[in-house]
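Inspection log for the structure reproduced underneath, given as structure tokens.
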Amino acid sequence: MITNKIALASDHAGFDLKEEIKEYLSNLGVEIVDLGTNDNTSVNYASYGKKMGQYIKDNKDSFGIIVCGTGIGISIAANRYKEVRAALCHSTEYASLARKHNDANVLALGSRFGDSKESINIVKEFFTTDFEGGRHKDRVDTLGEKV
Ligand code: RB5
């Protein structure tokens with residue numbers, strides 16, 4: 001694992017998957033920071049994407065997982081923070097490349113696509129893959145620049 005502490009956040013649509021991921025990671029001994037939501041009551045995905053963004057901003061070198069129905073809305077919200085590199089991953093290959101090439105620090109998942117077993121495989125791939133650095137480092141360094 002590239003980290004032993006992972007923050008989780010979801011909206012209502014992502015809540016069940018967030019809980020499954022929490023159980024999987026807890027069983028591996030990973031410390032979980034649960035930023036909510038805490039049940040299936042309808043909430044705004046943007047608030048939880050921003051909670052993750054603020055967490056990553058406040059905690060240098062930290063990692064997170066965000067989940068909403070598609071993974072799109074919550075990742076747009078999180079990526080408004082310059083410290084966040086949230087990658088919406090649809091497969092283990094996406095997860096691998098998001099880490100190797102983009103040094104992604106937040107994994108975004110859509111709960112309405114694929115089964116939870118595949119999502120867990122994506123989590124596993126993401127958090128066991130190192131950033132390659134090299135030619136990718138300068139590119140990644142520019143991602144947080146003000147535009
Ligand atoms: C909630 O219905 C849904 O819009 C949300 O989970 C997400 O898919 C937004 O991008």
Side-chain angles (χ1 to χ4, degrees), residues 1-28 30-131 136 139-147:
M1 296 290 282
I2 57 170
T3 180
N4 55 15
K5 185 174 178 179
I6 299 175
L8 303 182
S10 76
D11 72 352
H12 55 289
F15 172 71
D16 290 343
L17 180 56
K18 173 171 73 69
E19 294 304 297
E20 282 192 54
I21 292 169
K22 191 186 343 183
E23 189 182 348
Y24 167 75
L25 291 172
S26 296
N27 287 338
L28 291 179
V30 174
E31 184 185 342
I32 299 298
V33 179
D34 192 341
L35 302 174
T37 189
N38 299 317
D39 57 36
N40 298 109
T41 308
S42 185
V43 291
N44 184 347
Y45 56 80
S47 307
Y48 291 88
K50 288 177 191 172
K51 279 181 199 286
M52 180 60 76
Q54 193 62 47
Y55 174 83
I56 298 289
K57 181 178 178 176
D58 292 343
N59 296 273
K60 199 175 174 294
D61 300 327
S62 53
F63 289 89
I65 301 173
I66 48 179
V67 191
C68 69
T70 57
I72 295 172
I74 201 164
S75 56
I76 291 173
N79 273 323
R80 292 182 62 81
Y81 289 74
K82 69 177 173 56
E83 296 81 5
V84 172
R85 292 179 300 282
L88 175 55
C89 295
H90 296 289
S91 68
T92 53
E93 195 176 5
Y94 272 82
S96 175
L97 288 169
R99 287 289 310 133
K100 285 179 181 169
H101 290 191
N102 310 113
D103 198 17
N105 53 9
V106 175
L107 168 64
L109 294 167
S111 62
R112 293 184 175 143
F113 300 88
D115 59 16
S116 61
K117 198 169 159 231
E118 176 62 3
S119 297
I120 297 289
N121 283 336
I122 292 171
V123 168
K124 188 173 165 189
E125 185 73 24
F126 189 94
F127 288 100
T128 55
T129 304
D130 288 320
F131 177 46
H136 302 294
R139 300 167 187 173
V140 168
D141 285 347
T142 67
L143 288 175
E145 286 174 356
K146 199 169 163 54
V147 287

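Whatever order the structure lists ligands and atoms in, that order sets their numbers, starting from 1. Note that the coordinates shown come from a computational prediction; the quantities given were computed from them, not determined experimentally.
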Can you tell me how the ring of Phe63 sits relative to the ring of Phe127, calling it parallel under 30°, perpendicular over 60° and tilted otherwise?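 Ring orientation of Phe63 relative to Phe127: perpendicular.
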[X] side, atom [atom1]; [Y] side, atom [atom2] - distance, nearest 0.5 Å:
X	Y	atom1	atom2	result
Phe126	Ser96	CZ	OG	10.5 Å
Ile32	Ile6	CD1	CD1	6.0 Å
Phe113	Thr70	CZ	OG1	6.5 Å

Can you find a heavy atom in the side chain of Asp103 that is under 4.5 Å from one in the side chain of His136?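 They are not in side-chain contact.
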Partner set under side chain to side chain donor-acceptor pair (under 3.5 Å) for Glu19, not counting sequence neighbours: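 For Glu19, the residues satisfying side chain to side chain donor-acceptor pair (under 3.5 Å) (neighbours in sequence not counted) are Lys22.
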In order of chain and number, which residues sit within 4.0 Å of ligand 1 by heavy atom?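 Contacting ligand 1 under 4.0 Å are Asp11, His12, Ala13, Tyr45, Cys68, Gly69, Thr70, Gly73, Arg112.
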